[in-house]
Student: 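Could you have a look at this structure, given as structure tokens, before my questions?
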Amino acid sequence: MNVDETTASVERAFAKPLPRRFFDRPTRRVARELLGKTIVRRSGARWRAARLVEVEAYLAGDPASHAFRGPTPRNASMFGAPGTLYVFRIHQVVCANVVTQRGEAVLLRAGSLPEGSSGNPSGPGRLCRYLGITRSDDGIDLVRSQTRLLDGPPPTEPVRTAPRVGISRAKERRLRYLLWGNPWVSRPRPWGRRPPAQRSLAQA
DNA sequence: TCATTGATTTGCT
DNA sequence: GCAAATCAATGAT
């Protein structure tokens with residue numbers, strides 16, 4: 001889905017979300033392939049969308065995962081069907097994950113804005129704030145609800161991995177996936193002071 | 001019931 | 001770059 005599309009074409013795309021089998025695959029693969037996909041939230045004729053530019057994988061047996069110690073009231077939706085949304089609160093902020101296989105999920109860390117939209121979806125909390133995701137969205141089905149993931153053209157930027165952000169355990173695992181050079185990737189950005197290529201600025 | 005901790009963000013130095 | 005904000009889920013007592 002592209003940034004300058006009309007509501008009509010959003011509706012068309014909305015009718016064909018990523019199928020459940022997309023999510024029911026090894027989590028790292030889903031994470032990598034979620035880059036460039038678009039998350040859309042619709043309420044009536046209004047909609048908001050972001051093209052994912054940064055995610056993190058949380059795996060079974062992963063001490064950094066909320067599911068590491070098994071199901072609890074908070075993480076229950078991580079054990080739901082593939083394509084379930086897992087929303088949790090951290091400090092004063094909510095973050096959203098896409099459930100893949102049982103007890104595993106992909107944290108949505110940052111997106112880029114459709115042309116003409118304003119907001120700041122650069123960061124897990126900011127992305128949820130931009131999309132209007134709240135705790136009450138925990139457990140919704142991304143295949144059938146008014147919040148969906150839509151396919152799109154493959155990213156032009158290279159996909160790179162990096163250590164995950166803000167965790168205290170399993171810090172060394174490179175389970176953060178991002179579009180290299182994309183200005184919407186949240187901090188810390190793995191490239192330096194300046195963007196690695198002018199070309200990537202066109203992706204904003 | 002109590003203490004600890006955190007998949008963040010913001011603002012200040 | 002670093003620390004404070006701020007609160008509920010979680011695990012320990």
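Naming: A, B, ... by sequence-line order, numbering from 1 per chain.
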Student: Is any side-chain heavy atom of A/Glu11 closer than 4.5 Å to a side-chain heavy atom of A/Arg42?
Tutor: yes
Student: Could you state the CZ-P distance from A/Arg109 to B/dT9, rounded to the nearest angstrom?
Tutor: 7 Å
Student: For DNA chain C, which consecutive runs of 3 or more Watson-Crick or G-U pairs (each distance under 3.5 Å) count as stems?
Tutor: B:1-6 with C:7-12, B:8-12 with C:1-5
Student: Which is true for A/Arg74 with a 4.0 Å heavy-atom rule: it touches a base, it touches only sugar-phosphate, or it touches nothing?
Tutor: sugar-phosphate
Student: Rounding to an integer number of Å, can you tell me how far A/Ile90 CD1 sits from C/dA8 P?
Tutor: 13 Å
Student: If you look at every strand shown and take non-hydrogen atoms under 4.0 Å, does A/Arg89 touch a base, only sugar-phosphate, or nothing?
Tutor: base
Student: Any ion pair linking A/Lys16 and A/Asp151 (charged N to carboxylate O, less than 4.0 Å)?
Tutor: no
Student: Could you give the CD-to-C1' distance, from A/Glu56 to B/dG6, as a whole number of Å?
Tutor: 14 Å
Student: Looking across every strand, which nucleic acid part, if any, lies under 4.0 Å from A/Ile167 by heavy atom: base, sugar-phosphate, or nothing?
Tutor: sugar-phosphate
Student: May I ask you to say what A/Arg129 touches in the nucleic acid, namely base, sugar-phosphate or nothing, with a heavy-atom cut-off under 4.0 Å?
Tutor: sugar-phosphate
Student: Between A/Thr72 and C/dA9, is there a contact of a side-chain N or O with OP1 or OP2 at under 4.0 Å?
Tutor: no
Student: Tell me: CZ of A/Arg69 to C1' of C/dG11, nearest whole Å?
Tutor: 8 Å
Student: Is there a side chain to side chain donor-acceptor pair (under 3.5 Å) between A/Thr134 and A/Ser136? Walk through the geometry before answering.
Tutor: CA-CA 5 Å; A/Thr134 69; A/Ser136 67; 2.8 Å; yes
Student: Check every atom of C/dT6, B/dT9, B/dA7 against the side chain of A/Pro124 and return the nucleotide holding the closest atom.
Tutor: B/dT9
Student: Any side-chain heavy atom of A/Arg29 within less than 4.5 Å of one from A/Thr100?
Tutor: no
Student: Figure out the CG/C1' separation between A/Leu127 and B/dA7, and round it to whole Å.
Tutor: 13 Å
